[in-house]
Amino acid sequence: MRLESRTSTLQELYAEESAKIRGNFEDSGDGKAAIRNRSSLIDSVVIQLWNEVTVTGGPLEGFCIAAMGGYGRRALFPYSDIDLLFLYEKEGQAEFLGRKVIAPLSQSLWDLHLRVSPTTRTLLECSKLHRGNIEFNISLLDNRFICGDEGLFEKLRTRVLPGMVTRESQNPGAGAHQPCPHAAREIRPNYLSSGAEYQGRSRWLAGLSSGLLDGAD
């Protein structure tokens with residue numbers, strides 16, 4: 001879905017497309033199509049805003065925007081939070097990227113009255129299991145590229161996250177509970193072989209975080 005108009009503002013285009021999605025849902029009752037189309041609409045809005053804020057400075061290497069959680073699964077319900085990951089490669093870029101891209105783009109989304117939940121992370125930060133914020137790791141497993149440096153996103157998808165899954169399954173952190181023998185093997189997400197289909201991802205990561213699983217094969 002592309003948002004193109006010579007006269008309409010982005011706000012008007014968003015409102016028009018949202019009305020179409022709602023009308024199609026009311027006519028067909030197809031909820032799955034509605035949440036997929038809403039996800040595609042938000043993709044189009046983010047990409048257009050990205051193009052606007054980066055047009056003067058040229059391509060930004062080592063920086064991209066990805067969808068996470070329900071939005072990453074293309075299952076964005078009305079009034080749901082829109083989980084955006086602003087991913088950059090090198091330390092020390094946060095202030096520059098925040099001023100040039102992240103702040104203006106996020107503000108424009110908020111001006112559309114969207115429930116945007118932005119997260120800024122480096123590749124290194126994404127490689128760790130955050131036991132105090134396990135929801136982030138779970139949401140991050142449902143990732144999807146939107147715009148920016150696609151090579152950087154592929155590092156996240158094919159190297160960083162599989163590495164985190166493998167490392168944590170082999171060396172889970174100690175918790176207050178006794179580990180369950182072979183439990184990790186039984187419900188470990190099939191990350192490496194199935195791409196976006198992470199079987200039991202939430203239960204598995206939560207178990208590792210609390211020490212319920214021992215990661216035994």
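Computed from a predicted structure; not experimentally measured. We're numbering straight along the sequence, starting at 1.
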Subject >> Over all atoms of both residues, closest heavy-atom pair of Leu85 and Cys126 >> reply: CD2-SG, 4.5 Å
Subject >> Heavy-atom donor-acceptor pair, Arg36 side chain to Arg74 backbone, under 3.5 Å >> reply: no
Subject >> Pairs where residues 21-33 contributes a residue and the test salt bridge (charged side-chain N to carboxylate O under 4.0 Å, His left out) is met, not counting sequence neighbours >> reply: Arg22-Glu26
Original post:
Quick one: OG on Ser18 to CD1 on Ile42, what's the gap to the nearest 0.5 Å?
Top reply: 6.5 Å
Subject >> Heavy-atom pair of closest approach, residues Ala75 and Ser39 >> reply: N-OG, 3.5 Å
**OP:** Decide whether Asp43 and Tyr71 meet the rule of one side-chain donor and one side-chain acceptor closer than 3.5 Å.
**Re:** yes
Original post:
Of all heavy-atom pairs between Asp83 and Ser117, which one has the smallest distance, and what is that distance?
Top reply: OD1-CB, 3.4 Å
**OP:** Taking the side chain as every heavy atom from C-beta outward, state whether Val45 and Leu49 have any pair of such atoms under 4.5 Å apart.
**Re:** yes
Subject >> Flag side-chain contact, heavy atom, 4.5 Å: Phe136 against Arg121 >> reply: yes
**OP:** Take Leu129 and Ile134, measure what side-chain contact (heavy atoms from CB on, under 4.5 Å) needs, and give me the verdict at the end.
**Re:** CA-CA 7 Å; Leu129 183 66; Ile134 195 65; 3.2 Å; yes
Original post:
Is the backbone N or O of Trp50 less than 3.5 Å from a side-chain atom of Thr54, with the two atoms forming a donor-acceptor pair by type?
Top reply: yes
Original post:
Is there a donor-acceptor pair under 3.5 Å between the side chain of Asn137 and the backbone N or O of His130?
Top reply: yes
Subject >> hydrophobic_cluster_shared for Ile82 and Trp110, side chain cutoff 4.5 Å >> reply: yes
**OP:** Please name the pair of heavy atoms, one in Phe86 and one in Leu105, separated by the smallest distance, quoted to 0.1 Å.
**Re:** CZ-CD2, 4.1 Å
Original post:
Do side-chain atoms of Thr166 reach the backbone of Pro162 as a donor and acceptor pair under 3.5 angstrom?
Top reply: yes
**OP:** Calculate, to the nearest 0.5 Å, the distance between atoms CZ and CG belonging to Phe153 and Asn143 respectively.
**Re:** 4.0 Å
**OP:** Find out whether Glu12 and Thr9 are in side-chain contact, i.e. whether some heavy atom of one side chain is under 4.5 Å from a heavy atom of the other.
**Re:** yes
**OP:** Mind checking the OG-CD1 spacing from Ser44 to Ile146? Nearest 0.5 Å is all I need.
**Re:** 10.0 Å
Original post:
So if you build clusters from Ile, Leu, Val, Met, Phe, Trp, Tyr with side-chain heavy-atom gaps below 4.5 Å, do Met68 and Phe77 land together?
Top reply: no
Original post:
Is Arg38 positioned over the aromatic face of Phe25, cation under 6.0 angstrom from the ring centre and no more than 45 degrees off axis?
Top reply: no
Subject >> Shared hydrophobic cluster, Leu84 / Ile35 (ILVMFWY, side-chain heavy atoms < 4.5 Å) >> reply: no
Original post:
How far apart are the closest heavy atoms of Ser127 and Met164, and which atoms are they?
Top reply: O-CG, 3.3 Å
Original post:
Same hydrophobic cluster for Leu124 and Leu140, using side-chain heavy-atom links shorter than 4.5 Å among ILVMFWY?
Top reply: no
Original post:
Which atom names give the shortest non-hydrogen contact between Leu123 and Leu87, and what distance separates them?
Top reply: N-CD1, 3.9 Å
**OP:** With rounding to the nearest 0.5 Å, note down the distance linking CD in Gln93 to CD1 in Ile102.
**Re:** 9.5 Å
**OP:** Enter the distance from Lys128:NZ to Asn133:CG here, rounded to the nearest 0.5 Å.
**Re:** 14.0 Å
